[in-house]
Amino acid sequence: MSDPSTASIVSTPAAQPTDSVDPAGQPQSNEKPRGLLGDAWRDLRRKPLFWISATLIVIFLLMAVFPALFAPGEAVNGSLSRSLEKASGDAWFGYDLQGRDVYARVIYGASASIQVAVLAVIGTLLVGGTMGVIAGYRGGWVDALLSRIADVFFGLPFVLGAIVILTTFNGSGTSNTKFEITGLVTISLIVLSWPVVMRLMRSSVLATKEADYIVAARALGAGTGRIIIKHLLPNCLAPLLVYGTIMVGSFIGAEATLSFLGVGLKSPVVSWGIMISDGKDFLRVAPGLVFFPAAFLVTAVLSFVMLGEAVREALDPKLR
(Lines give C-alpha, C1' and ligand atoms only; values in the text may rest on other atoms or scores of the structure.)
Protein backbone atom coordinates (compact mmCIF):
# COMPACT_ATOMS: atom_id res chain seq x y z
CA MET A 1 0.00 0.00 0.00
CA SER A 2 1.44 3.39 -0.99
CA ASP A 3 1.92 6.28 1.38
CA PRO A 4 -0.98 8.73 0.88
CA SER A 5 1.18 11.71 1.77
CA THR A 6 3.65 10.81 -0.96
CA ALA A 7 0.90 10.13 -3.50
CA SER A 8 -0.60 13.54 -2.89
CA ILE A 9 2.67 15.36 -3.54
CA VAL A 10 4.11 13.50 -6.51
CA SER A 11 2.30 14.25 -9.77
CA THR A 12 1.71 11.43 -12.24
CA PRO A 13 0.99 11.49 -15.97
CA ALA A 14 -2.47 10.05 -15.30
CA ALA A 15 -3.54 13.07 -13.26
CA GLN A 16 -6.57 14.90 -14.66
CA PRO A 17 -5.93 18.47 -15.79
CA THR A 18 -9.15 19.65 -14.10
CA ASP A 19 -7.97 18.60 -10.64
CA SER A 20 -5.90 20.72 -8.31
CA VAL A 21 -4.28 20.21 -4.91
CA ASP A 22 -5.28 22.19 -1.83
CA PRO A 23 -2.81 23.22 0.93
CA ALA A 24 -3.80 20.15 2.98
CA GLY A 25 -2.65 17.86 0.19
CA GLN A 26 -6.11 16.69 -0.89
CA PRO A 27 -7.09 16.69 -4.57
CA GLN A 28 -9.80 19.13 -5.59
CA SER A 29 -12.07 19.11 -8.62
CA ASN A 30 -13.00 22.27 -10.50
CA GLU A 31 -16.46 20.82 -11.23
CA LYS A 32 -19.21 22.94 -9.67
CA PRO A 33 -21.33 21.21 -7.03
CA ARG A 34 -24.81 20.22 -8.18
CA GLY A 35 -28.01 20.77 -6.29
CA LEU A 36 -30.90 18.39 -5.80
CA LEU A 37 -32.40 19.04 -9.23
CA GLY A 38 -28.99 18.75 -10.88
CA ASP A 39 -28.36 15.36 -9.31
CA ALA A 40 -31.89 14.26 -10.19
CA TRP A 41 -31.47 15.25 -13.85
CA ARG A 42 -28.12 13.46 -14.03
CA ASP A 43 -29.76 10.32 -12.66
CA LEU A 44 -32.81 10.60 -14.93
CA ARG A 45 -30.70 10.81 -18.08
CA ARG A 46 -29.37 7.33 -17.37
CA LYS A 47 -32.81 5.69 -17.07
CA PRO A 48 -34.35 4.21 -20.23
CA LEU A 49 -37.72 4.23 -18.46
CA PHE A 50 -37.55 8.01 -18.22
CA TRP A 51 -36.84 8.50 -21.92
CA ILE A 52 -39.56 6.04 -22.98
CA SER A 53 -42.22 7.65 -20.78
CA ALA A 54 -41.12 11.19 -21.64
CA THR A 55 -41.24 10.41 -25.38
CA LEU A 56 -44.75 8.99 -25.10
CA ILE A 57 -45.91 11.98 -23.05
CA VAL A 58 -44.53 14.41 -25.63
CA ILE A 59 -46.41 12.56 -28.35
CA PHE A 60 -49.66 12.68 -26.35
CA LEU A 61 -49.19 16.38 -25.63
CA LEU A 62 -48.65 17.07 -29.33
CA MET A 63 -51.80 15.07 -30.07
CA ALA A 64 -53.72 17.17 -27.56
CA VAL A 65 -52.44 20.52 -28.82
CA PHE A 66 -52.16 19.80 -32.57
CA PRO A 67 -54.52 16.89 -33.33
CA ALA A 68 -54.77 17.84 -37.00
CA LEU A 69 -51.11 16.87 -37.46
CA PHE A 70 -51.94 13.26 -36.61
CA ALA A 71 -55.49 12.94 -37.96
CA PRO A 72 -56.63 15.29 -40.74
CA GLY A 73 -60.02 13.52 -40.86
CA GLU A 74 -63.32 14.60 -39.29
CA ALA A 75 -63.81 13.57 -35.66
CA VAL A 76 -67.30 14.93 -34.94
CA ASN A 77 -69.37 14.51 -38.10
CA GLY A 78 -69.85 11.25 -39.98
CA SER A 79 -71.92 9.53 -42.64
CA LEU A 80 -74.41 6.78 -41.78
CA SER A 81 -73.56 5.04 -45.03
CA ARG A 82 -70.20 4.07 -43.47
CA SER A 83 -71.67 2.83 -40.18
CA LEU A 84 -69.48 0.16 -38.53
CA GLU A 85 -67.28 -0.24 -41.62
CA LYS A 86 -64.02 -2.11 -41.07
CA ALA A 87 -60.58 -0.55 -41.07
CA SER A 88 -59.23 0.66 -44.40
CA GLY A 89 -56.67 3.01 -45.85
CA ASP A 90 -59.03 5.94 -45.37
CA ALA A 91 -59.89 5.04 -41.76
CA TRP A 92 -57.18 3.03 -40.02
CA PHE A 93 -59.42 2.03 -37.11
CA GLY A 94 -62.67 1.79 -39.05
CA TYR A 95 -65.91 3.71 -38.44
CA ASP A 96 -68.30 3.83 -35.50
CA LEU A 97 -72.09 3.52 -35.48
CA GLN A 98 -72.54 7.10 -36.69
CA GLY A 99 -70.03 6.62 -39.50
CA ARG A 100 -67.33 8.69 -37.82
CA ASP A 101 -63.64 7.96 -38.24
CA VAL A 102 -62.54 6.10 -35.08
CA TYR A 103 -58.86 6.95 -35.59
CA ALA A 104 -59.61 10.68 -35.83
CA ARG A 105 -61.82 10.49 -32.74
CA VAL A 106 -59.11 8.69 -30.77
CA ILE A 107 -56.59 11.39 -31.70
CA TYR A 108 -58.95 14.26 -30.91
CA GLY A 109 -60.03 12.50 -27.72
CA ALA A 110 -56.57 13.03 -26.27
CA SER A 111 -57.18 16.78 -26.18
CA ALA A 112 -60.14 16.70 -23.78
CA SER A 113 -58.76 13.93 -21.56
CA ILE A 114 -55.30 15.46 -21.12
CA GLN A 115 -56.68 18.98 -20.82
CA VAL A 116 -58.98 18.00 -17.96
CA ALA A 117 -56.20 16.05 -16.23
CA VAL A 118 -53.57 18.81 -16.49
CA LEU A 119 -55.95 21.58 -15.38
CA ALA A 120 -57.19 19.45 -12.47
CA VAL A 121 -53.62 18.70 -11.36
CA ILE A 122 -52.63 22.38 -11.50
CA GLY A 123 -55.71 23.38 -9.52
CA THR A 124 -55.19 20.59 -6.99
CA LEU A 125 -51.56 21.52 -6.43
CA LEU A 126 -52.41 25.20 -6.01
CA VAL A 127 -55.31 24.65 -3.61
CA GLY A 128 -53.81 21.78 -1.65
CA GLY A 129 -50.31 23.25 -1.65
CA THR A 130 -51.51 26.63 -0.37
CA MET A 131 -53.59 25.04 2.37
CA GLY A 132 -50.67 22.80 3.35
CA VAL A 133 -48.23 25.69 3.59
CA ILE A 134 -50.62 27.72 5.75
CA ALA A 135 -51.42 24.77 8.02
CA GLY A 136 -47.83 23.65 8.41
CA TYR A 137 -46.27 27.08 8.89
CA ARG A 138 -48.90 28.68 11.12
CA GLY A 139 -49.69 25.64 13.24
CA GLY A 140 -52.00 25.90 16.24
CA TRP A 141 -55.71 26.36 15.68
CA VAL A 142 -55.18 27.20 12.00
CA ASP A 143 -53.54 23.82 11.44
CA ALA A 144 -56.26 22.05 13.43
CA LEU A 145 -59.09 23.77 11.52
CA LEU A 146 -57.64 23.10 8.05
CA SER A 147 -56.81 19.52 8.97
CA ARG A 148 -60.39 18.85 10.11
CA ILE A 149 -61.74 20.34 6.88
CA ALA A 150 -59.43 18.06 4.92
CA ASP A 151 -60.64 15.09 6.98
CA VAL A 152 -64.23 15.85 5.92
CA PHE A 153 -63.26 15.69 2.24
CA PHE A 154 -61.20 12.57 2.90
CA GLY A 155 -64.36 10.87 4.10
CA LEU A 156 -66.05 11.35 0.73
CA PRO A 157 -65.59 8.39 -1.66
CA PHE A 158 -64.04 9.76 -4.83
CA VAL A 159 -66.37 8.21 -7.40
CA LEU A 160 -69.51 8.75 -5.31
CA GLY A 161 -68.61 12.36 -4.59
CA ALA A 162 -67.90 13.05 -8.26
CA ILE A 163 -71.19 11.47 -9.28
CA VAL A 164 -73.11 13.62 -6.79
CA ILE A 165 -71.40 16.85 -7.91
CA LEU A 166 -71.67 16.19 -11.64
CA THR A 167 -75.22 14.84 -11.47
CA THR A 168 -76.28 18.01 -9.67
CA PHE A 169 -74.66 20.47 -12.08
CA ASN A 170 -74.27 18.38 -15.25
CA GLY A 171 -77.14 15.92 -15.10
CA SER A 172 -79.73 15.10 -17.72
CA GLY A 173 -81.73 18.10 -18.83
CA THR A 174 -78.89 20.59 -18.46
CA SER A 175 -77.67 22.52 -21.49
CA ASN A 176 -74.07 23.19 -20.56
CA THR A 177 -71.61 24.23 -23.21
CA LYS A 178 -68.42 22.33 -24.00
CA PHE A 179 -66.42 24.77 -21.86
CA GLU A 180 -68.83 24.45 -18.93
CA ILE A 181 -68.81 20.65 -19.06
CA THR A 182 -65.01 20.56 -19.05
CA GLY A 183 -64.88 23.07 -16.20
CA LEU A 184 -67.34 21.13 -14.04
CA VAL A 185 -65.40 17.88 -14.42
CA THR A 186 -62.14 19.69 -13.62
CA ILE A 187 -63.59 21.38 -10.53
CA SER A 188 -65.03 18.10 -9.24
CA LEU A 189 -61.60 16.45 -9.49
CA ILE A 190 -59.99 19.37 -7.64
CA VAL A 191 -62.60 19.41 -4.86
CA LEU A 192 -62.16 15.70 -4.15
CA SER A 193 -58.35 15.52 -4.47
CA TRP A 194 -56.84 18.57 -2.75
CA PRO A 195 -56.68 17.05 0.80
CA VAL A 196 -53.98 14.58 -0.27
CA VAL A 197 -51.77 17.39 -1.56
CA MET A 198 -52.56 19.46 1.53
CA ARG A 199 -51.32 16.73 3.87
CA LEU A 200 -48.25 16.08 1.74
CA MET A 201 -47.29 19.75 1.71
CA ARG A 202 -48.09 20.18 5.40
CA SER A 203 -45.75 17.35 6.38
CA SER A 204 -42.96 18.78 4.22
CA VAL A 205 -43.36 22.23 5.77
CA LEU A 206 -43.39 20.82 9.31
CA ALA A 207 -40.15 18.96 8.60
CA THR A 208 -38.49 22.04 7.07
CA LYS A 209 -39.65 25.10 9.00
CA GLU A 210 -37.36 24.43 11.99
CA ALA A 211 -34.24 24.00 9.86
CA ASP A 212 -31.23 26.16 10.70
CA TYR A 213 -31.47 28.33 7.59
CA ILE A 214 -35.16 29.06 8.33
CA VAL A 215 -34.32 30.01 11.93
CA ALA A 216 -31.44 32.18 10.71
CA ALA A 217 -33.63 33.96 8.16
CA ARG A 218 -36.27 34.61 10.81
CA ALA A 219 -33.61 35.94 13.21
CA LEU A 220 -32.32 38.31 10.51
CA GLY A 221 -35.79 39.82 10.21
CA ALA A 222 -37.11 38.07 7.12
CA GLY A 223 -40.88 38.31 6.80
CA THR A 224 -43.28 35.41 6.53
CA GLY A 225 -43.76 35.84 2.79
CA ARG A 226 -40.03 35.87 2.09
CA ILE A 227 -39.41 32.80 4.25
CA ILE A 228 -42.17 30.85 2.52
CA ILE A 229 -41.29 31.87 -1.05
CA LYS A 230 -37.50 31.93 -0.81
CA HIS A 231 -36.80 29.13 1.66
CA LEU A 232 -39.76 26.83 2.32
CA LEU A 233 -41.24 26.32 -1.16
CA PRO A 234 -37.98 25.46 -2.99
CA ASN A 235 -37.26 22.76 -0.40
CA CYS A 236 -40.81 21.37 -0.22
CA LEU A 237 -41.78 21.13 -3.89
CA ALA A 238 -40.01 17.85 -4.67
CA PRO A 239 -42.76 15.60 -3.21
CA LEU A 240 -45.44 17.67 -4.98
CA LEU A 241 -43.59 17.40 -8.29
CA VAL A 242 -43.53 13.62 -8.03
CA TYR A 243 -47.14 13.32 -6.88
CA GLY A 244 -48.36 15.78 -9.50
CA THR A 245 -46.78 13.78 -12.32
CA ILE A 246 -48.42 10.57 -11.15
CA MET A 247 -51.69 12.40 -10.53
CA VAL A 248 -51.97 13.43 -14.20
CA GLY A 249 -52.22 9.77 -15.17
CA SER A 250 -54.69 9.12 -12.37
CA PHE A 251 -56.90 12.00 -13.46
CA ILE A 252 -56.91 10.80 -17.07
CA GLY A 253 -58.28 7.50 -15.82
CA ALA A 254 -60.73 9.25 -13.48
CA GLU A 255 -62.09 11.41 -16.28
CA ALA A 256 -62.55 8.35 -18.49
CA THR A 257 -64.37 6.56 -15.65
CA LEU A 258 -66.76 9.45 -15.06
CA SER A 259 -67.41 9.85 -18.79
CA PHE A 260 -68.04 6.11 -19.11
CA LEU A 261 -70.61 6.34 -16.30
CA GLY A 262 -72.34 9.17 -18.14
CA VAL A 263 -71.69 11.92 -15.59
CA GLY A 264 -68.38 13.25 -16.92
CA LEU A 265 -67.67 14.76 -20.31
CA LYS A 266 -70.53 14.57 -22.79
CA SER A 267 -71.08 15.23 -26.47
CA PRO A 268 -70.11 17.35 -28.34
CA VAL A 269 -66.87 16.79 -26.39
CA VAL A 270 -64.75 13.92 -27.73
CA SER A 271 -62.85 11.89 -25.12
CA TRP A 272 -61.62 8.35 -24.66
CA GLY A 273 -64.14 7.66 -21.90
CA ILE A 274 -67.05 8.71 -24.12
CA MET A 275 -65.76 6.51 -26.96
CA ILE A 276 -65.48 3.48 -24.67
CA SER A 277 -68.99 4.13 -23.35
CA ASP A 278 -70.43 4.42 -26.89
CA GLY A 279 -68.63 1.31 -28.13
CA LYS A 280 -69.37 -1.09 -25.27
CA ASP A 281 -72.69 -2.16 -26.82
CA PHE A 282 -70.92 -3.22 -30.03
CA LEU A 283 -68.03 -5.07 -28.44
CA ARG A 284 -68.73 -8.34 -30.29
CA VAL A 285 -69.54 -6.75 -33.63
CA ALA A 286 -66.82 -4.07 -33.65
CA PRO A 287 -64.33 -4.58 -30.79
CA GLY A 288 -62.11 -1.83 -32.14
CA LEU A 289 -64.59 0.78 -30.93
CA VAL A 290 -63.52 -0.11 -27.38
CA PHE A 291 -60.03 -1.50 -27.91
CA PHE A 292 -58.40 1.50 -29.63
CA PRO A 293 -59.49 4.27 -27.22
CA ALA A 294 -58.79 1.93 -24.28
CA ALA A 295 -55.29 1.22 -25.61
CA PHE A 296 -54.51 4.93 -25.92
CA LEU A 297 -55.98 5.55 -22.46
CA VAL A 298 -53.91 2.84 -20.80
CA THR A 299 -50.73 3.96 -22.59
CA ALA A 300 -51.22 7.58 -21.51
CA VAL A 301 -51.88 6.64 -17.88
CA LEU A 302 -48.88 4.31 -17.73
CA SER A 303 -46.64 6.95 -19.33
CA PHE A 304 -47.36 9.51 -16.62
CA VAL A 305 -47.15 6.92 -13.85
CA MET A 306 -43.77 5.64 -15.13
CA LEU A 307 -42.46 9.20 -15.40
CA GLY A 308 -43.57 9.91 -11.85
CA GLU A 309 -41.85 6.79 -10.56
CA ALA A 310 -38.64 7.71 -12.38
CA VAL A 311 -38.72 11.24 -10.95
CA ARG A 312 -39.43 9.88 -7.47
CA GLU A 313 -36.42 7.58 -7.60
CA ALA A 314 -34.22 10.40 -8.88
CA LEU A 315 -35.29 12.88 -6.19
CA ASP A 316 -35.05 10.40 -3.31
CA PRO A 317 -31.39 9.70 -2.46
CA LYS A 318 -32.39 6.49 -0.61
CA LEU A 319 -33.67 4.93 -3.85
CA ARG A 320 -30.62 5.66 -5.99
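Note: hydrogens, waters and symmetry copies are ignored here, and every other heavy atom, side chains too, is used.
- Expressed to the nearest 0.5 Å, how far CG of Leu146 lies from CG of Asp151 amounts to 11.0 Å.
- The line from CZ of Phe296 to CG of Leu56 is 10.5 Å long, rounded to the nearest 0.5 Å.
- By the 4.5 Å heavy-atom criterion applied to side chains, Asp101 and Phe93 are not counted as neighbours.
- At least one side-chain heavy atom of Leu166 sits under 4.5 Å from a side-chain heavy atom of Val185.
- Leu49 is not connected to Val58 by any chain of hydrophobic side-chain contacts under 4.5 Å among Ile, Leu, Val, Met, Phe, Trp and Tyr, and they are in different clusters.
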Under the criterion side chain to side chain contact (heavy atoms under 4.5 Å, CB included), I'd like the reasoning laid out for Met247 against Val197: C-alpha separation, chi angles, the key distance, then a yes or no. CA-CA 10 Å; Met247 197 161 47; Val197 177; 4.2 Å; yes

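- With rounding to the nearest 0.5 Å, the separation of CD1 in Ile163 from CG in Leu261 is 5.5 Å.
- Two different hydrophobic clusters hold Ile59 and Met306 under the rule that ILVMFWY side chains link at heavy-atom gaps under 4.5 Å.
- Around the NZ atom of Lys230, the shell of radius 6.0 Å holds no more than 12 heavy atoms that belong to other residues, nucleotides or ligands.
- Distance check: Glu255 CD to Leu265 CG gives 4.5 Å after rounding to the nearest 0.5 Å.
- Here the side chains of Asp96 and Phe282 are not in contact, with every heavy-atom distance at 4.5 Å or above.
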Yes or no on side chain to side chain contact (heavy atoms under 4.5 Å, CB included) for Leu156 and Val191, after CA distance, side-chain angles and deciding distance? CA-CA 10 Å; Leu156 296 175; Val191 169; over 6 Å; no

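- Around atom CZ of Phe291, no more than 12 heavy atoms belonging to other residues, nucleotides or ligands sit under 6.0 Å away.
- Between the side chain of Ser113 and the backbone N or O of Ser271, no donor-acceptor pair lies under 3.5 Å.
- Here the shortest heavy-atom pairing between Ala300 and Trp272 reads CB-CZ3, 3.9 Å.
- Here the options are Val305, Val298, Thr299, the test is side chain to side chain contact (heavy atoms under 4.5 Å, CB included), and the partner is Val301; only Val305 passes.
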Side chain to side chain contact (heavy atoms under 4.5 Å, CB included) between Phe260 and Lys280: does it pass, once the steps are laid out? CA-CA 10 Å; Phe260 179 83; Lys280 69 181 186 300; 3.7 Å; yes

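- Side-chain contact check for Ile276 versus Leu297: some heavy-atom pair is nearer than 4.5 Å.
- Each of Leu119 and Val65 belongs to its own hydrophobic cluster when Ile, Leu, Val, Met, Phe, Trp and Tyr are linked at side-chain heavy-atom distances under 4.5 angstrom.
- Here the closest heavy-atom approach between residue Ser303 and residue Ser53 is recorded as O-CB, 3.4 Å.
- Scanning all heavy atoms of the two residues, the minimum distance from Ile274 to Val269 falls at CD1-O, 3.2 Å.
- Within 6.0 Å of CZ on Phe154 lie more than 12 heavy atoms contributed by other residues, nucleotides or ligands.
- In plain terms, the two heavy atoms of Pro239 and Cys236 that are nearest each other are CD-O, 3.4 Å.
- Within the model, atoms CD of Glu309 and CZ of Phe304 stand 14.5 Å from one another, a figure rounded to the nearest 0.5 Å.
- Side chains of Leu189 and Thr124 form no contact here, defined as non-hydrogen atoms less than 4.5 Å apart.
- Side-chain heavy atoms closer than 4.5 Å link hydrophobic residues (I, L, V, M, F, W, Y) into clusters, and following such links, even through other members, never connects Leu206 to Ile229.
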Give the C-alpha distance, both sets of side-chain angles, the deciding distance and a yes or no for side chain to side chain contact (heavy atoms under 4.5 Å, CB included) between Asp278 and Leu289. CA-CA 8 Å; Asp278 293 341; Leu289 299 181; over 6 Å; no

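- Inter-residue side-chain proximity for Thr186 and Phe251 is flagged as unmet; no heavy-atom pair is nearer than 4.5 Å.
- In this structure, the separation between CG on Leu145 and CD1 on Ile134 is 11.0 Å, given to the nearest 0.5 Å.
- Criterion: ILVMFWY side-chain heavy atoms under 4.5 Å apart, direct or through other members. Under it, Tyr108 and Leu61 are not part of a common hydrophobic cluster.
- Side chain of Thr130 to backbone of Val127: no donor-acceptor contact under 3.5 angstrom is found.
- Between Val133 and Val205, the shortest heavy-atom contact is CA-CG2, 4.1 Å.
- Under the 3.5 Å distance criterion, the side-chain polar atoms of Tyr103 are left unmatched by any main-chain donor or acceptor of Phe292.
- Counting heavy atoms from C-beta on, the side chains of Leu69 and Leu62 never come closer than 4.5 Å.
- Here the closest non-hydrogen pair linking Ser204 and Thr208 is O-OG1, 2.7 Å.
- Side-chain contact between Met198 and Ile149: absent, with no pair of heavy atoms (C-beta onward) separated by less than 4.5 Å.
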